[in-house]
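Numbered from 1 within each chain, the chains take letters A, B, ... in sequence-line order.
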Amino acid sequence: MIAGVIVDVPAFGTDKTFDYRIPEHLEETIEVGMRVVVPFGPRKLTGFVIGLKETSDLKRLKKIEDIVDPSPVLNQELIGLGKWIANSTLCFLHSAYQSMLPAAMKMNYSKRIYSINEAIELPDLPEQIRIQLDSDKGLDWAEAQKSGKHIVRSIQSAIHNGNLEVKYEIRSKGKKKRHKVVMVNIPTMELNAIYDDISRKAPKQAEVIRYFIGNNETKIPTQKLMDETESSRATIKSLIDKQILLETEEEIYRDPYKDRQFERTVSLTLTEEQKESIKPILSDIENNQHETFLIHGVTGSGKTEIYLQSIEAVIQKGKEAIMLVPEISLTPQMVHRFKGRFGSEVAVLHSGLSVGEKYDEWRKIQRKEAKVVVGARSAIFAPFQNIGIIIIDEEHESSYKQEENPRYHARDIAIERGRFHQCPVVLGSATPTLESYARAKKGVYTLCTLHERVNQKALPTAEVVDMREELRSGNRSLFSTALFDRLKDRVDKGEQSVLLLNRRGYSTFVNCRDCGYVAQCPHCDISLTYHKRSNQLKCHYCGFEDKQPTECPECTSEHIRFFGTGTQKVEEELNKLMPEASVIRMDVDTTSRKGMHEKLLNAFAEQKADILLGTQMIAKGLDFPNVTLVGVLAADSMLHLPDFRSAERTFQLLTQVGGRAGRHILSGEVVIQTYTPEHYSIQLAQQHDFLTFYDKEMLMRKLHQYPPFYFLTLVTISHEELMYVVDVCEKITEVLKEGLSEQAVILGPVASPIPRVKDRYRYQCVIKYKNEPTLKNILNEILAHYQKRMQQDQLTINIDMHPQTIL
DNA sequence: AGCACGCCGACT
DNA sequence: GTCGGCGTGCTC
């Protein structure tokens with residue numbers, strides 16, 4: 001038998017199947033979807049078996065060396081899906097497959113050098129190197145290259161002469177967690193006899209034996225046995241030595257939710273509206289029919305209950321369910337609802353888990369120990385065999401698009417998988433993307449609308465405050481009178497508030513009053529942000545940090561001022577103006593440590609603070625009963641970005657954040673501070689009027705030829721040399737203009753909105769089109785043409801077939 | 001991506 | 001003449 005293998009070399013020349021002969025002893029073992037170790041040129045690599053066949057076009061085939069996994073990691077569906085992803089996003093096949101698996105399954109390769117015979121003299125090599133060569137671990141080749149050319153050369157010639165040996169080693173990044181278990185190694189009837197025999201000479205050991213007599217289990221984790229019988233390692237060991245007990249290793253799962261209890265919940269009674277919406281979904285589940293639904297429901301309209309009951313129907317049919325959420329670590333509440341309803345059948349996959357934990361959750365799915373997966377974007381690749389429903393909550397969230405290769409959108413994958421499994425795909429949002437809503441209106445998706453909130457409460461009234469007016473009336477603070485008074489009122493009443501500001505740090509730029517100098521990142525074309533806690537200037541793009549200068553580096557003036565407001569400054573202001581209020585600040589700076597997210601959110605949920613202040617990470621899915629005020633400090637922060645989606649994003653953020661207040665018994669208020677109160681996205685968010693916003697924004701998109709009227713493709717070129725980038729970008733634009741039809745609109749070459757990041761200049765070219773069947777071919781030719789320069793000159797060409805943003 | 005092969009300039 | 005630089009092409 002011959003296996004078609006996709007090898008782990010994501011590069012142009014190797015982006016195809018390589019045929020290998022399956023050796024006899026593996027003939028029965030190797031299956032499609034497994035990873036195998038193969039010789040590739042002089043080295044050793046892993047690859048995915050994506051097909052089996054009897055014959056090959058090539059005569060001389062190498063043999064598969066070994067298997068990596070005991071069972072396939074990809075099923076036929078996922079193998080096909082990978083091809084589809086590679087083709088539709090222009091990525092390498094191997095990258096597509098790798099991205100379907102947890103990070104722990106990435107392979108690490110190393111080349112190691114060993115002495116063949118310690119007696120061989122290698123006088124050119126220093127003592128230390130020779131010791132390493134003689135050791136069991138050998139000498140790491142990558143490490144060796146750091147120790148100088150002469151040494152590298154001597155080693156190479158020694159290899160040539162056969163005095164040193166090269167081994168290619170492959171390791172998995174993550175390991176399965178194991179623990180030791182002991183079991184009784186003799187017939188249980190004999191235990192009593194043994195007990196009698198040793199009880200006097202070895203009372204401790206007898207104690208252990210008695211444990212097995214008293215309990216029916218014959219297998220127990222060693223640690224647990226030691227705890228239960230208060231025995232030591234030595235005691236157990238002597239029993240093992242006597243072959244009364246047998247110790248083996250067993251794989252275990254790391255369970256991130258191990259210590260938590262989830263109260264079982266039952267289905268709630270649905271409202272008439274919910275019933276109407278769920279009916280066609282249930283009918284599709286029943287009839288194994290694929291259809292994409294868009295549930296447009298205001299916040300609090302009970303979308304989650306629809307998801308839960310649909311999943312319940314799926315499980316009852318013996319099928320599996322995938323539920324995507326934007327970023328679940330932000331919503332422990334969602335995990336609770338799912339674990340509460342479905343118990344241990346739920347696997348959870350999100351970025352808050354460690355690599356190992358994600359690996360374990362993934363294996364739980366693969367071994368069919370989970371029926372439901374709740375997770376972020378990559379959970380869309382859950383290795384289920386029999387999917388009954390795929391749900392994407394908050395479908396407008398930008399995190400569903402992967403911003404690195406393969407640049408897929410989870411929504412597209414969901415629909416592709418839904419079609420394969422003939423099951424419904426449900427998209428839900430209070431503020432759907434224009435693309436999805438347009439498709440729903442056209443009948444491509446089935447639209448379900450939920451107008452009412454389950455608790456019948458009206459959506460909180462939003463007040464838009466014109467900050468220009470505030471300024472005119474002499475209020476120069478960050479807070480409008482309206483917001484400040486309400487904040488104070490909530491603090492006095494013991495109710496909670498949420499404040500949103502989409503900028504972290506203290507001030508957004510640092511400026512010299514005398515000469516106009518603005519502190520800029522030396523590596524990026526962006527001004528540095530002042531962080532007060534560390535008294536540092538930071539670049540939010542490359543991480544560059546610098547001491548805050550006490551005098552202007554240009555003119556030595558001491559009149560250095562801070563402009564723009566970040567979350568740190570707001571926190572400081574709050575402490576000054578309202579010392580009695582306690583504030584929790586949540587942004588990248590306070591949540592970068594693992595578990596901090598949840599910690600801060602829990603603290604706020606337990607009402608340990610009056611005010612939760614944060615960047616947009618606080619806008620998603622939070623649900624605190626005691627929050628009665630939501631303030632948006634700078635609603636226009638996103639509005640004026642040069643991106644076609646900025647109005648949509650603003651509308652979504654304001655609507656989402658507004659829905660956070662007054663979800664429970666208390667009713668809520670929303671205050672939106674802005675310098676452009678007349679803008680439609682702010683006005684319509686205030687009125688919770690998605691439909692008017694949709695109509696208005698659709699007109700704008702049509703006028704400016706953006707999605708959903710046109711498709712978009714973004715080509716970004718970057719390199720350290722500006723002229724090189726411009727040159728390549730010009731040529732690419734040229735080729736595109738030549739190859740595409742008259743209808744295609746090609747914008748560029750232009751500098752990217754941030755023209756330089758990490759010392760690399762960025763130029764881009766945007767293609768707007770309706771129907772260009774040759775586009776992918778042309779782009780592939782472009783990539784092929786620049787392939788050499790991309791690996792040699794550190795030129796990068798990024799192609800995003802459907803960019804969510806062109807920033 | 002690695003790695004070998006092969007072609008050209010600088011040196012023993 | 002050989003060593004060592006790097007450009008070119010292949011890997012089942």
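- For B:dC3, the OP1/OP2 oxygens have a side-chain nitrogen or oxygen of A:Lys111 closer than 4.0 Å.
- Between the P atom of C:dG7 and the CD atom of A:Gln791 lies a distance of 12 Å, rounded to the nearest Å.
- As judged by a 4.0 angstrom heavy-atom cut-off over every strand, A:Arg153 is placed among residues touching the sugar-phosphate backbone only.
- A:Tyr20 comes within contact range of the sugar-phosphate backbone alone, with a heavy-atom separation under 4.0 Å but no base atom that close.
- Contact annotation: A:Arg43 side-chain N/O to B:dA4 OP1/OP2 distance is not under 4.0 Å.
- Taking the six-membered ring where the residue is Trp, A:His409 and A:Tyr400 present tilted rings, their angle falling between 30° and 60°.
- Looking at the side chain of A:Asp19, the nearest of the listed nucleotides C:dC12, C:dG4, B:dC3 is C:dC12.
- For the pair A:Lys788 NZ and C:dG9 C1', the computed distance is 9 Å after rounding to whole Å.
- In this structure, CZ of A:Phe48 is placed 19 Å from P of C:dC12, rounded to the nearest angstrom.
- Aromatic ring orientation, A:Phe18 versus A:Phe40: perpendicular (interplanar angle above 60°, classes split at 30° and 60°).
- Residue-to-nucleotide proximity on DNA chain B shows that, of A:Gln156 and A:Gly13, the 5′-proximal contact is made by A:Gly13.
- The nearest whole Å value for the distance from the CZ atom in A:Arg789 to the C1' atom in C:dT8 is 15 Å.
- The distance from atom OG of A:Ser752 to atom CD of A:Gln764, rounded to the nearest 0.5 Å, is 4.0 Å.
- Checking the phosphate oxygens (OP1, OP2) of B:dC3, a side-chain nitrogen or oxygen of A:Tyr168 falls inside 4.0 Å.
- Rounded to whole angstrom, the span from the NE2 atom of A:His160 across to the P atom of B:dC5 amounts to 8 Å.
- A tilted orientation is assigned to the rings of A:Tyr97 and A:Phe48, their planes being inclined by 30° to 60°.
- Within the 4.0 angstrom heavy-atom criterion, only backbone atoms of the sugar-phosphate kind lie near A:Leu61; the bases stay farther away.
- Separating the CZ atom of A:Phe40 from the C1' atom of B:dA4 is a distance of 14 Å, rounded to the nearest angstrom.
- Under the 4.5 Å side-chain criterion, counting only non-hydrogen atoms from C-beta, A:Val9 is in contact with A:Arg43.
- In this structure, CD of A:Gln792 is placed 9 Å from C1' of C:dT8, rounded to the nearest angstrom.
- Counting to the nearest Å, the C1' atom of B:dA1 and the CG atom of A:Leu45 are 9 Å from each other.
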